[in-house]
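Report on the following structure.
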Amino acid sequence: MKPRSTILLPVVLAATLALTACAGGATPGDQPPSPVDVVGQGTVIQVGEAAPEFCLGAIAASYPPQCSGPELIGWEWTANEGSETANDVTWGAYAVFGNWDGTALTVDSAVMLALYDTMPAVDLLVDEANAGSSSEQQLADIQAEIFDTAPVEVLSSFAKNGYLFVQVVHDDGSVQAWADQTYGAGVVAVRSALQALTEG
């Protein structure tokens, strides 16, 4: 009996370690995110008969503009004023409300950005009283690589008050967890372009 227990123990231990590694090594994209109601501000653009997209990052300074972003499902130009068309491209600036599934945004409603009135959000990490401890050089080094190393697309980044602020389409918390694990807590501050709507 003793040889059998000696053989089985490493097998059980290996299986346990494998399960532990799988549970603790989750990264953004390992599992589909839960759909969430969001609002975002940006440019809606449609080229020809292609699906309309919601540009949340950089826009090329051309006419018509050039940009790309998540697909908008259920977008209707006729239901939203403020668009312009040139060379088979239609675009306009809007605040869009909808449901984000991690890939596309299903539209509930939209408001022309010029008419969208909202209280500006105050980021506590910008306050000098909450300054980070990272040096400008450390943040510059991270900024130089994070566009390639991040597990999701990085829309923009800038260093301020001892932090590297990084904007992504939407973070359910997993991207911030990745940044903390990779660079240490209190170094990279991940911010979402699509803001989750809170009840109440």
Side-chain angles (χ1 to χ4, degrees), residues 17-18 20-36 38-47 50-62 64-73 89 91 93-96 98-106 121 123-127 130-196:
L17 291 174
T20 303
C22 290
T27 57
D30 282 352
Q31 297 179 347
S34 300
V36 58
V38 298
V39 59
Q41 301 177 48
T43 297
V44 177
I45 192 168
Q46 184 173 16
V47 180
E53 298 180 16
F54 197 20
C55 302
L56 299 166
I59 301 175
S62 60
Q66 300 177 60
C67 62
S68 62
E71 178 182 347
L72 289 178
I73 299 174
V89 177
W91 73 95
Y94 302 91
V96 180
N99 187 265
W100 172 249
D101 66 2
T103 303
L105 181 63
T106 300
D123 197 319
L124 296 178
L125 296 188
V126 176
D127 190 332
N130 301 320
S133 58
S134 299
S135 68
E136 292 185 6
Q137 186 58 56
Q138 287 174 320
L139 298 179
D141 291 342
I142 296 172
Q143 187 176 31
E145 69 176 39
I146 200 165
F147 283 85
D148 295 324
T149 60
V152 297
E153 179 186 4
V154 173
L155 301 175
S156 63
S157 68
F158 65 93
K160 187 178 181 68
N161 203 34
Y163 303 95
L164 180 67
F165 291 87
V166 172
Q167 187 178 60
V168 300
V169 174
H170 179 74
D171 179 25
D172 60 2
S174 59
V175 184
Q176 183 65 68
W178 168 86
D180 291 345
Q181 182 179 15
T182 304
Y183 299 109
V187 178
V188 174
V190 179
R191 300 294 182 258
S192 297
L194 295 179
Q195 297 285 327

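These figures come from a predicted structure and were not determined experimentally.
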In chain order, what residues pass the side chain to side chain contact (heavy atoms under 4.5 Å, CB included) check against Ala60, with sequence neighbours excluded?
Ser62, Gln66
Whether the side chain of Gln41 engages the backbone of Ala93 through a donor-acceptor N/O pair (distance < 3.5 Å, no angle test) should be reported.
no
Nearest heavy atoms of Val169 and Leu56, plus distance in Å
CG1-CD1, 4.0 Å
Side chain Asp172, main chain Ser34, donor-acceptor under 3.5 Å:
no
Between Leu105 and Val38, is a side chain to side chain contact (heavy atoms under 4.5 Å, CB included) present by the stated rule, with each step listed?
CA-CA 9 Å; Leu105 181 63; Val38 298; 3.6 Å; yes
Minimum heavy-atom separation for Ser134 and Leu139, please, with both atom names.
CB-CD2, 3.6 Å
With sequence neighbours left out, the residues meeting side-chain hydrogen bond (donor to acceptor under 3.5 Å, both in side chains) with Gln137 are Asp141
For the student: nearest non-hydrogen atoms of Tyr163 and Gly132, plus distance:
CE1-N, 3.2 Å
For Ser156, all residues meeting side-chain hydrogen bond (donor to acceptor under 3.5 Å, both in side chains), sequence neighbours excluded:
none
How would you list, by chain and number, every residue that makes a side chain to side chain contact (heavy atoms under 4.5 Å, CB included) with Glu145, sequence neighbours excluded?
Thr149, Tyr183
Which of these passes side-chain contact (heavy atoms from CB on, under 4.5 Å) with Ile45: Pro52, Pro64, Cys55?
Cys55
Supply the atom-to-atom distance Thr182 OG1 to Ile142 CD1, rounded to the nearest 0.5 angstrom.
9.5 Å
With sequence neighbours left out, the residues meeting side chain to side chain contact (heavy atoms under 4.5 Å, CB included) with Val154 are Phe147, Ala150, Val166
For Asp123, give me all partners under salt bridge (charged side-chain N to carboxylate O under 4.0 Å, His left out), at least two apart in sequence or on another chain.
Arg191
Do Val126 and Phe165 have side chains that get closer than 4.5 Å, going by heavy atoms?
yes
Nearest heavy atoms of Cys67 and Ile59, plus distance in Å
CB-CG1, 3.9 Å
Give the minimum heavy-atom separation between Gly40 and Leu194, together with the two atoms involved.
CA-CD2, 3.8 Å
Examine distances only and state if a side-chain atom of Asp127 and a backbone atom of Asn130 form a donor-acceptor pair shorter than 3.5 Å.
no
For Pro65 and Trp91, the nearest pair of non-hydrogen atoms, with its separation, is CD-CE2, 3.4 Å
